[in-house]
Amino acid sequence: MIRAPFIASRPRRNLALLLLTFSTLPNLALAQGAAAPVTLSQSDAAKALTVAQPAGTLEDALTGLARQSGRDILFSSDQVRGKKAAALKGRLTLEKALERLLGGSGLSAHIQPDGVVVIASAARGSNFQHDAHDEGSGQERITVIGRAERLAPSTVPLTITEPTSVIQKRFITNNIVPLASVDDIIKFQPSIWTQNPNGPGMGKAETMSLRGFQDGQYNMLFDGIPFGNASDLHHTTSSLFISHFLGEVQVNRGPGTASTIGNATFGGTIGFQSRTPASHFGVTPYGTYGSFNTRAGGLEIDSGKTRFGSMVLDLQHEETDGYLTGSGERRNNLLFKDVAKLGENTTLTVLTTYNWENQNTTQGATLDQYRQYGKNYGLCSNPALQCYSGYQPSTYTADFDYIDIKSRLLNWLTIENRLYTNGFEHDYTESTDASSDNASANGVTFYSASGKKLATYKNDVPGKYADAKFRDYGDTLTFKAHTSQGDVLLGAWADLQDDRRYTYALDLTKGGIMVPGKNGSAYSYDISDFNTTVQPYLEFDWKPLKNTVIKPGIKYSYFRRDYDAAINKSTKVPLSATQNFTSWQPSISANQIILPGWSAYAQIARGFLAPPMSVFQTQNVGSVRPETTLNYQVGTVVQQKRWTLSFDAYYVNFSNFIASAQIKVPDLGTQTTSVNSGGAIYKGLEVEGQYAIGHGVSLYGNYSVNDAQYKHSSVRVAATPNVLASFGVLYDDNKGPYASLIGKFVGNHWGLDSTTNSAGNTVFANQYRIGSTTTADLALGWHFKKLGGFMHDVTPSLKISNLFNNRAVSDFAGNQSATSAAYPDGAPLYWRLAGRSVFFNLTVTLP
């Protein structure tokens, strides 16, 4: 038997590498540096560092060197057992220090391109070396599970303190269409449900939930920076980052620790990491052609290492008709990133992204419309009706920019600071009800400035113009100090968000002229909103025993909303209001390595979320209470040579739950509003695993049972499928070809859980049941390392989404504005699964 792996300090946030090394080289120990270091290359091993440690066992010597150098050193307990090491003192390069420690031991050190040092038998030579551009060499050959985990939809690290799935670049490259949005990347993860009715990467996801928490109730990060819409923290997925821009995605199904920043961490955190610039110069054109007349092309340019750093510029343009009728889209995306060394211990990163999208927006369809026009019905082509596609143009513009500096000030102290800004604008025109194909729903009435009716045009199509935009300015600051007992994290996040939105009525038949209403103004609302967020935190990664990490911490959340409406949305009268929301959020979590390849963890944390903007759209705001949660979860992770398995259970006590409800508004029809639904309980079980059969073939699967009910009732929280599961088989023979077939099962759920009666009181009841659905995606491709003497990494691939063409009803989309005797709340609208799509992709790297 060997000893349990030794972890010298707090695991890093980037856990994908840790998982890979544990699974590829079973029964290893990991000695980690004092602070999470900047990604380093082999050439950095030649830089000198100050070393001072006495003679002793080789295990202690390697651990000490890891702490003093800030580098991960990976070794097996069997390798170093009984071996001694000489004392080290003075200024030495890492390479020279390793050479002295390993002299006469029969071992050799191999520095990976990402800075990790692997200790191996000297007889193995360079077998452990791993080149990020050559997935078929070295480390991949040691065991099958190493390659299997890279290809799987996600991997689960041993060192986690909450349920976590890591989606690695290899899986994204092999299985996700380059033009795809973030919802396509995460859809196979446990307890994740996403859907895009217009096709993969085409338009925005209409559903994106985590454990039943809807978009806006969980946290999203880009390179560690929180972001979200000013009104309710939701995210328009098509205006975000395409899959080709990303290097890794980490899904944390829990509130995180005190150092997890963001406005809605209690529902979990989905963290996106931008791609790392390549270490060598290269030009990589890539393109996609396929279903729905989809054409997309991009160009990636990597500078390699220059005096100005390692840079990457990635540009993409996409055009498609979309799966839904009348729902075409055009999109441009840009990413620039530069990582530069400012000194031996300091790295500067500069990043900017820009995303522009134009599409015709749909609002769902009734079951009668699907029967009449087909299952891919979205918008119509008749300009006499509100459903006309030409009346629904939307333009989304977004950018994300930051400057990050990270430095190891002392051997025991690291500082990182990110100064950022990001912006979003949605500029659009739409008819009053884009789902209406009934001419009798038309009609436009003009009023004078005094509110006197001037004229009514019964056949004119009513509509509106709207503009919603915000700009964030913020900063994240983190100090990490290493002590003999563990690491101390002290930091803060500050964010200022300036939001402006307005809309006014139009007569679309008359060329979009403004239509004054009963209050004498064409404006339905005109709102300015300013939000201030401050979150300081303190966390201690305590290591009281070998292989034990306990993380107590405390975070303080301050959120202030300054709301100023010249015309408020619901009341049509001015409102100026300010509300402050604060909360202390303690948390404690722990991880214990029980045996080699087996760990267990537990977590308790308090969550907090300030109310959305919609609660201010009333005549009297009053005292608005924030949403709070108390989260409990436990889990275990097992990693063996050919298989891995993780299991967890969670329980979330949700107080002051603010839910969506449908109400009838005079002159406007059925509208969506927010109501206080009291409390809810979220609970569930999640299991995820994979098995390497051999010869490049592996199996993957996950299964989640998710239950969310309002307290003291049997009413289920809407849009919470009772079961979610993914299952698939993956293949890579390590020589070029690869393939995967992955399915997704979504259990039944309800479209609505609450409404309001004529007295304005909340009435709890489940409505609009949606049945279960199953889809499958197929990917086939071939990695050619060299082709024609001047091209390398040539990869043609075929991606088929929804292989079996399941076009079932998949979600509730709201109600039509117009009411009738048959539908007093308006006819229900639905979304269907997008039909089968086939995309051919080609990537080539020059030279």
Side-chain angles (χ1 to χ4, degrees), residues 1-2 4-5 7 11 15-28 30 142-168 170-171 186 188-192 210-211 249-254 268 547 549 589-603 633-651 683-694 696-706 723-732 740-745:
M1 290 291 293
I2 66 169
I7 301 175
L15 296 173
L17 174 62
L18 179 59
L19 174 61
L20 178 62
T21 50
F22 263 107
S23 59
T24 307
L25 306 175
N27 304 326
L28 295 181
L30 177 69
I142 296 170
T143 60
V144 178
I145 194 69
R147 180 162 65 258
E149 291 209 337
R150 260 183 207 241
L151 297 176
S154 63
T155 56
V156 184
L158 274 173
T159 53
I160 56 178
T161 55
E162 65 180 348
T164 299
S165 298
V166 180
I167 310 168
Q168 300 180 75
R170 177 84 171 199
F171 176 80
I186 65 174
F188 295 118
Q189 306 313 302
S191 292
I192 289 278
L210 172 57
R211 286 181 169 177
V249 182
Q250 185 164 308
V251 180
N252 297 326
R253 301 185 303 276
N547 305 322
V549 178
S589 57
N591 177 283
Q592 174 69 53
I593 303 293
I594 302 171
L595 290 172
W598 180 23
S599 69
Y601 60 89
Q603 181 184 55
Q633 48 193 355
V634 295
T636 186
V637 181
V638 180
Q639 295 182 5
Q640 297 300 314
K641 183 175 181 179
R642 288 187 173 271
W643 59 275
T644 66
L645 185 67
S646 65
F647 172 83
D648 69 87
Y650 68 91
Y651 182 93
K683 56 187 176 181
L685 303 172
E686 299 163 329
V687 61
E688 181 176 13
Q690 54 190 291
Y691 179 75
I693 297 175
V697 180
S698 65
L699 303 178
Y700 170 83
N702 65 61
Y703 187 85
S704 309
V705 178
N706 306 112
V723 172
L724 291 165
S726 296
F727 39 86
V729 58
L730 305 100
Y731 168 76
D732 191 327
S740 68
L741 177 63
I742 307 174
K744 181 74 177 188
F745 174 81

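The structure displayed is predicted, hence computed values, not measured ones.
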### Heavy-atom pair of closest approach, residues Phe188 and Phe171
CD1-CZ, 4.0 Å
### Summary
Nearest heavy-atom contact between Glu686 and Ser704 is CG-OG, 3.9 Å
## Note on the structure
Heavy atoms of Ser599 and Leu158 approach each other most closely as OG-O, 2.6 Å
### Message
I need the single residue from Ile594, Leu595, Ile593 that forms a side-chain contact (heavy atoms from CB on, under 4.5 Å) with Asn547. Which is it?
### Response
Ile593
### Query
When you measure from the side chain of Asp648 to the backbone N and O of Thr164, does any donor-acceptor pair fall under 3.5 Å?
no
### Task
Mind running side chain to side chain contact (heavy atoms under 4.5 Å, CB included) on Thr159 and Val549 for me, showing each step along the way?
CA-CA 9 Å; Thr159 53; Val549 178; over 6 Å; no
### Closest contact, heavy atoms only, Val634 versus Ala602
CG1-CB, 3.9 Å
### Query
Ignoring hydrogens and geometry, is there a side-chain-to-backbone donor-acceptor pair from Asn591 to Ile160 under 3.5 Å?
yes
### Task
Report yes if the side chains of Thr155 and Thr644 come closer than 4.5 Å at any heavy-atom pair, otherwise no.
no
## Note on the structure
When every non-hydrogen atom of Gln640 is compared with those of Gly597, the smallest separation belongs to NE2-O, 4.1 Å
### Task
Kindly indicate, with the supporting measurements, whether the criterion side chain to side chain contact (heavy atoms under 4.5 Å, CB included) is fulfilled by Gln168 and Val166.
CA-CA 6 Å; Gln168 300 180 75; Val166 180; 4.2 Å; yes
### Task
Could you point out which residue of Asn702, Asn706, Val251 forms a side-chain contact (heavy atoms from CB on, under 4.5 Å) with Pro190?
Asn702
### Query
Do the non-hydrogen side-chain atoms of Glu162 and Tyr650 ever get within less than 4.5 Å of each other?
no
### Query
Mind checking whether Ile693 and Leu699 have side chains closer than 4.5 Å, heavy atoms only?
yes
### Task
Flag yes if more than 12 heavy atoms outside Tyr703 fall under 6.0 Å of its OH atom; otherwise flag no.
no
### Query
Do you know which of Trp598, Tyr601, Phe647 makes side-chain contact (heavy atoms from CB on, under 4.5 Å) with Val637?
Tyr601
### Message
According to side chain to side chain donor-acceptor pair (under 3.5 Å), who are the partners of Ser165, at least two apart in sequence or on a separate chain?
### Response
Arg253, Glu688
#### Entry: Under 3.5 Å: donor-acceptor pair, side chain of Gln603, backbone of Gly635
no
### Query
How would you list, by chain and number, every residue that makes a side chain to side chain donor-acceptor pair (under 3.5 Å) with Gln189, sequence neighbours excluded?
Ser154
### Query
Stepwise, does the side chain to side chain contact (heavy atoms under 4.5 Å, CB included) test hold for Asp732 with Arg170?
CA-CA 11 Å; Asp732 191 327; Arg170 177 84 171 199; 2.4 Å; yes
### Task
Over all heavy atoms of both residues, which pair between Pro153 and Ile742 is shortest? Give the atoms and the distance, please.
CG-CD1, 3.9 Å
### Task
Output the distance between atom OG (Ser698) and atom CG (Leu730), rounded to the nearest 0.5 Å.
4.5 Å
